[in-house]
Structure formats: structure tokens, C-alpha cells
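Not measured: the values here are computed from a predicted model. Note that these values count all heavy atoms, side chains included, but never hydrogens, waters or copies made by symmetry. Read the numbers this way: they start at 1 and go in the same order the structure lists the ligands and their atoms.
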Amino acid sequence: MTNHIPWWQSGTIYQIYPRSFQDSNGDGVGDLPGIIQRLPYLQWLGVDALWLSPIYPSPMADFGYDVADYTNVDPLFGSLDDLDQLVRETHARGMRLILDLVPNHTSDEHPWFVQARATRENPYRDWYIWRDPAPDGGPPNNWLSHFGGPAWTLDPATGQYYLHLFDPKQPDLNWRNPEVRQAIYEVMRFWFARGVDGFRIDVIWMLIKHPELPDNPLDPDWTPAAKPQNRLQRIYDQHQPEVHEIIREMRCVADEFPERVLIGEIYLPIEQLVSYYGSKLDEVHLPYNFNLLKLKDWHASAVRDLVEHYERALPAGAWPNWVLGNHDQPRLATRVGQAAARLGQMLLLTLRGTPTIYYGDELGMENVPIPAEQIVDPQGIRAPGWGRDPERTPMQWDDSLGAGFTTGIPWLPLAADYARRNVALQREGNRSLLTLTRRLLELRRSHAALSVGRYSTCPTANQDVFAYLRSDGTTQLLVLLNFDSQPVSLDMSSHGAEGDILVSSLMDREGSLDLASLNLRPHEGLVVALR
Ligand code: GLC
């Protein structure tokens with residue numbers, strides 16, 4: 001019997017931030033018809049699944065992560081019919097569609113919260129987390145919002161505080177209430193029944209809090225260089241043991257439908273992260289692995305240590321995944337520079353595990369400086385210097401006035417370099433990052449060794465080179481990544497006398513290679529087929 005490999009293991013995910021991908025009606029904000037127009041591009045690029053950040057009706061206090069109705073589409077993005085059409089057309093092109101599920105909190109304008117705050121006796125009151133003021137009238141404990149400031153806001157009409165781990169307009173749901181659980185599970189069924197292939201689940205590790213809501217201790221390692229809201233250790237407001245039971249329930253809902261995927265947003269160290277696969281692999285299919293994205297030390301040895309650490313920590317049968325960018329973190333090209341970002345793309349697309357590409361990273365899009373008066377991200381407003389607008393700017397399609405993104409005024413400024421860095425130009429360029437990305441995705445499709453094969457580290461004599469083998473029963477591919485800005489020479493003849501270069505990250509050489517005296521240029525990566 002051959003093993004069936006699910007699409008979310010062999011495939012590549014592409015994250016779309018809908019506000020910034022393609023505007024179809026000139027209002028400066030991207031929308032679903034815009035995404036539909038760009039499906040040919042995504043199919044040409046060769047990705048397998050699209051994950052959309054939230055498209056639900058929302059007051060947009062956190063740009064859709066404040067949901068006012070879980071089973072509809074915000075008119076800004078289009079209609080439910082547009083979503084149905086997007087599902088159909090994505091499927092017709094052989095791709096999958098993943099939505100964002102935001103179960104930790106709703107908008108304060110969600111009817112559940114409107115009810116909950118009406119009176120203390122309202123049946124929805126217990127759907128959220130309410131506490132009396134502390135004796136001095138202040139918040140019930142010292143918890144801090146991830147966006148800065150206290151995690152509690154007083155509701156003057158009913159005289160109690162409600163908890164919000166994010167913006168005051170994002171009250172946290174009470175996951176200890178079974179009605180809340182059932183309500184969210186029904187939301188999942190609603191979208192699965194419409195053909196949606198899975199969910200990326202927002203802040204899944206925060207869903208349930210310690211029952212006593214104790215104060216969090218000060219973090220002894222905190223320095224003023226870090227976010228002010230991180231000065232407490234988040235011991236009691238996240239990663240509680242009971243969260244696993246909830247995730248198992250979510251998994252049961254997903255398993256009512258064939259081949260659906262659950263991906264958990266989890267910022268935790270590796271040992272804790274892997275617990276979200278579930279002790280019987282019965283929780284999320286992919287606990288998002290942000291350890292590469294958060295790696296401070298972008299060097300061959302640090303990356304190698306991380307990859308080995310993660311590979312070792314994975315429970316038997318668990319499928320790995322890798323991420324280099326998302327809508328909450330500075331862009332890869334800004335973190336490491338353009339040359340290293342190109343190598344990073346090769347790393348992402350050749351490691352073992354499902355890769356997620358953040359829109360625009362295939363072009364090397366960079367953080368865009370946002371003038372103070374144009375900051376709109378709630379975190380940027382509440383915690384100055386920590387805004388996320390810079391990594392959310394419009395996709396750079398071409399050199400026209402609105403970058404091919406909009407005919408109107410874009411909701412965030414376009415990058416200054418958009419006329420030089422865009423899809424139209426890079427599609428034509430044989431050596432562009434876009435062409436490299438497409439080539440690597442093509443290699444993943446044509447070589448099971450790359451998409452689903454085994455991984456093993458290859459020792460090298462050079463500290464700056466990270467080398468590994470990807471292999472299935474028939475093919476062995478050697479990946480060599482030079483993290484240094486100097487050329488290096490290597491002897492890899494223990495793997496044979498010669499190999500064939502399938503791709504260089506610089507996109508300018510192919511053909512046979514003498515493994516005994518091999519040269520890599522600064523920041524060059526190679527995928528080599530061994531004979
Ligand atoms: C997640 C999202 C982020 C959002 C937050 C609150 O971290 O990725 O964008 O602000 O949750 O929903």
C-alpha cells in the first residue's frame with residue numbers, strides 16, 4: 001500500500017493579506033474580486049494553497065482580527081457570493097483555500113458582546129471574561145494587552161472590567177463556557193460546508209486562561225529594547241494545559257470533513273510548540289513554526305542548530321513546517337538584506353516541511369517606513385515603534401501609478417521602490433527572485449525528495465555553509481547554502497565525484513559540478529542532484 005500524502009504536507013501555502021493584495025473597485029483596499037483576478041498569477045507561481053487573513057464583517061479596529069460576524073464577508077472585501085466564487089475558482093485551478101479563524105476574541109460590536117455588556121444578568125454575559133474592579137477600583141490583575149496598556153477595560157454601565165488580550169475593541173471570549181465552544185465549532189462547520197479547506201487559527205495558544213487569573217510575574221530578562229507590554233512573563237494568560245482539550249475538539253470538527261487542515265498560530269519555543277500536534281497527533285496538523293522567522297542570528301550555524309533542534313523535537317509522525325514572513329513581523333528582506341533573503345527563500349523551499357510564503361516576499365518586498373500621521377495599526381498607535389503597517393503595504397504588481405494594486409489611493413503607502421521591484425519586471429527577469437521562487441516551487445513539485453523526502457544534515461568543513469540532503473527512495477538532492485558574504489570552496493566528494501546543479505539561487509548556472517572542488521559565491525545557494 002502506498003502512503004497517501006495530504007495536500008497540506010506536499011504543498012506550499014501563500015499568505016494573502018486581503019487589504020493589500022489587489023483592489024478591484026478603486027477604493028484603495030484590496031478585495032475578494034481582486035484576489036480572483038490574480039489567481040492566474042498564483043497558479044503560475046506554483047503555490048498550492050492560499051491563506052487569507054480575515055475577510056469577515058468588522059469595524060476594522062485590528063483590520064479584521066476584530067470579527068463582528070463570523071459567517072459573512074465584509075462589504076469592503078465583497079460578498080459571500082464572491083467568497084463562494086473564490087473557493088470554486090481556487091479549486092478549479094488545483095489550489096486550496098484556507099481562512100483565518102479568530103476564536104480568542106470578537107469585536108466589541110459583535111452581537112454576542114453587545115448582549116453581554118447589556119446587563120450582568122444577560123445570558124451572553126458569561127461568554128466573555130468579566131471581573132469586579134480591584135479594591136482600589138483598578139483592573140482585576142496586572143495583565144497587559146499585547147498592543148500595550150492594561151488587558152482590562154472598565155464597562156461603566158455594568159461596573160465590571162472585561163478582559164482583552166489585544167485591543168479594547170477585541171474582548172476575549174470565555175472558552176470555559178461550553179456554549180462559546182459550540183458556537184465557534186458551528187462557525188467552522190459553516191465554512192467547511194462551503195468548501196473551505198482549512199483554517200489558520202489566530203492566537204490558538206491563548207484561548208484559555210488560568211481559572212484564577214493570577215498576576216503575571218515580571219520577566220527578569222526584559223530590557224527596555226523589548227516591547228513594553230512584554231515586561232511580564234505570560235504564564236497565566238496563555239499556554240494553559242486545558243487548551244489542548246479545546247484543540248482536540250476543533251480537530252474532531254475538522255475531521256467531520258475530508259482532507260481539511262488546521263494550522264495554529266503559536267509563538268512558543270520548540271518544546272512547547274510541538275505539544276500542539278497533540279499527544280496522539282490529534283490537535284492541529286501544523287503548529288506554525290516561527291522559530292526561523294524570529295531567529296536573531298542569521299548565520300549558517302544558528303540556522304542549522306535550529307533545524308536540527310526542531311527535527312529532533314518533532315513527535316513521531318508529526319509533519320514539520322517553516323515560515324519566514326507574515327503580517328505581524330518585519331519583512332524578511334528588511335531583517336536580513338536582499339542577498340540573504342534570496343538565500344532564505346531557497347532555504348524555506350528546500351527544508352523538510354510545509355512552507356508558507358508571505359505575499360510579496362517572492363519579490364523581496366521590504367518594510368515601508370510609515371509617516372507618524374499615517375500609522376493605522378492599533379499596535380503601532382498604542383506601542384510606538386512597534387507598528388505592523390510597514391510589512392502590510394500593497395502588493396507591487398507593476399510600475400503604474402497605483403502599482404497595479406489600485407486605481408485609487410492605497411490605504412497604506414506604496415513602497416518607494418515599487419517601480420523597480422514588481423511582478424511585471426521580475427516575471428521577465430531570468431535571474432529575479434520571483435523567477436527563483438517559481439523555479440524552486442517547480443522543483444518541489446517535480447521532486448518528491450524535496451516536497452516530502454527525508455532530511456539529513458551534511459557536515460561541512462566551512463562554518464558559513466549550511467548543507468543538507470533531501471532524499472526519497474530514488475533521488476538524493478544536496479542543498480548547499482553559503483550564508484557568508486565571501487566566496488567559499490568546499491570538498492563534498494564524500495557524496496560522489498560529480499553532481500548536477502538543478503538551480504543556483506543566483507539563477508545563472510546549471511549543469512554538472514565537481515563535488516571535490518566546489519565553489520559558492522557570496523550568499524549563493526545550490527540544489528544539486530547527486531548521481
Ligand atoms: C494574531 C494576528 C494579529 C492580530 C492578533 C489579534 O497575532 O496575526 O495580526 O493583531 O492575533 O487578533
Side-chain angles (χ1 to χ4, degrees), residues 13 15-21 30 51-70 74 98-110 113 128-129 143-149 151 153 162-173 175 184 187 199-209 227 229-230 234 237-239 243 262-268 273 276 284 286-290 293-294 321 323-331 356 358-359 367 370 375-383 386-393 411-412:
I13 300 170
Q15 181 191 355
I16 292 179
Y17 194 68
R19 295 182 70 87
S20 297
F21 198 60
W51 150 35
L52 311 188
S53 283
I55 42 75
Y56 315 108
S58 165
M60 303 289 165
D62 189 17
F63 299 104
Y65 285 95
D66 48 324
V67 178
D69 178 356
Y70 284 104
D74 195 286
I98 299 169
L99 293 185
D100 211 310
L101 183 71
V102 190
N104 179 68
H105 43 265
T106 67
S107 164
D108 65 340
E109 298 180 35
H110 193 291
F113 190 73
Y128 295 84
I129 301 173
W143 293 3
L144 296 174
S145 150
H146 284 269
F147 291 164
T153 291
Y162 65 88
L163 179 71
H164 52 86
L165 292 185
F166 293 89
D167 197 80
K169 283 187 69 63
Q170 292 167 297
D172 279 49
L173 283 163
W175 275 83
I184 296 291
V187 168
F199 291 105
R200 172 270 190 189
I201 306 176
D202 195 62
V203 297
I204 197 167
W205 84 112
M206 299 183 193
L207 285 184
I208 198 157
K209 287 78 182 166
K227 281 187 202 168
Q229 56 270 41
N230 288 353
R234 295 187 171 270
D237 57 351
Q238 62 177 33
H239 191 52
V243 74
L262 297 182
I263 307 173
E265 186 205 16
I266 302 162
Y267 285 90
L268 285 176
L273 174 69
Y276 287 79
V284 291
L286 301 174
Y288 253 150
N289 169 17
F290 298 126
L293 171 70
K294 298 295 276 182
N321 75 88
V323 181
L324 277 178
N326 66 33
H327 63 294
D328 295 325
Q329 306 296 335
R331 288 268 183 188
T356 299
Y358 184 46
Y359 85 93
N367 273 21
I370 308 288
I375 295 176
V376 288
D377 172 32
Q379 179 166 278
I381 293 168
R382 291 164 70 92
W386 294 98
R388 300 166 296 178
D389 298 321
E391 59 261 24
R392 297 176 175 178
T393 59
W411 75 287
L412 281 175

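Protein heavy atom closest to atom 7 (O) of ligand 1, with residue, atom name and distance, is Glu265 OE2, 2.8 Å. Given atom 10 (O) of ligand 1, the protein heavy atom at minimum distance is Asp62 OD2, 2.6 Å. For atom 5 (C) of ligand 1, the nearest non-hydrogen atom of the protein is Phe166 CE2, 3.7 Å. With hydrogens left out, the protein atom closest to atom 8 (O) of ligand 1 is Asp328 OD2, 2.5 Å, a heavy atom.
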Exercise for the section: In sequence, state the C-alpha distance, the side-chain angles, and the governing distance for Tyr276 and His239, and then conclude on ring pair (Phe, Tyr, Trp, His ring centres under 6.0 Å). Expected result: CA-CA 10 Å; Tyr276 287 79; His239 191 52; 5.6 Å; yes
Practice task
Please test Trp205 against Gln238 for side-chain hydrogen bond (donor to acceptor under 3.5 Å, both in side chains), starting from the C-alpha separation and ending with a verdict.
Solution key: CA-CA 6 Å; Trp205 84 112; Gln238 62 177 33; 3.2 Å; yes
Problem - Test side-chain hydrogen bond (donor to acceptor under 3.5 Å, both in side chains) applied to Gln229 and Ser145, step by step - result: CA-CA 7 Å; Gln229 56 270 41; Ser145 150; over 6 Å; no
Exercise for the section: Take Tyr65 and His327 through the test ring pair (Phe, Tyr, Trp, His ring centres under 6.0 Å) and record every step on the way to the result. Expected result: CA-CA 12 Å; Tyr65 285 95; His327 63 294; 5.2 Å; yes
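When each atom of ligand 1 is checked for a heavy atom of Phe147 under 4.0 Å away, the hits are 10 (O). Distances below 4.0 Å separate heavy atoms of Arg388 from the following atoms of ligand 1: 3 (C), 4 (C), 9 (O), 10 (O). Of all the atoms in ligand 1, the ones that sit under 4.0 Å from a non-hydrogen atom of Val203 are 1 (C), 7 (O), 11 (O).
Of the heavy atoms in Arg200, only side-chain atoms (C-beta onward) come closer than 4.0 Å to ligand 1. Counting heavy atoms under 4.0 Å from ligand 1, residue Tyr288 does not touch it at all. Heavy atoms of Arg392 found under 4.0 angstrom from ligand 1 belong exclusively to the side chain. Using a 4.0 Å cut-off between heavy atoms, His105 contacts ligand 1 through its side chain alone, with no backbone atom that close. With a 4.0 Å heavy-atom cut-off, ligand 1 is reached by no atom of His146.
Between Tyr162 and Phe113, the ring planes lie perpendicular to each other; the angle is over 60°, past the 30° to 60° tilted range. By the 30° and 60° cut-offs, the orientation of the rings of Phe166 relative to Phe147 is perpendicular.
Closest of all the heavy-atom pairs between Trp386 and Asp377 is O-OD2, 4.4 Å. Smallest separation of non-hydrogen atoms from Glu391 and Asp328: OE2-C, 3.1 Å.
The heavy atom nearest to atom 11 (O) of ligand 1, considering only Asp202, Val102, Asp66, is found in Asp202.
Looking at Leu207, Ile184, Asn104 one by one, the single match for side-chain contact (heavy atoms from CB on, under 4.5 Å) with Leu173 turns out to be Ile184.
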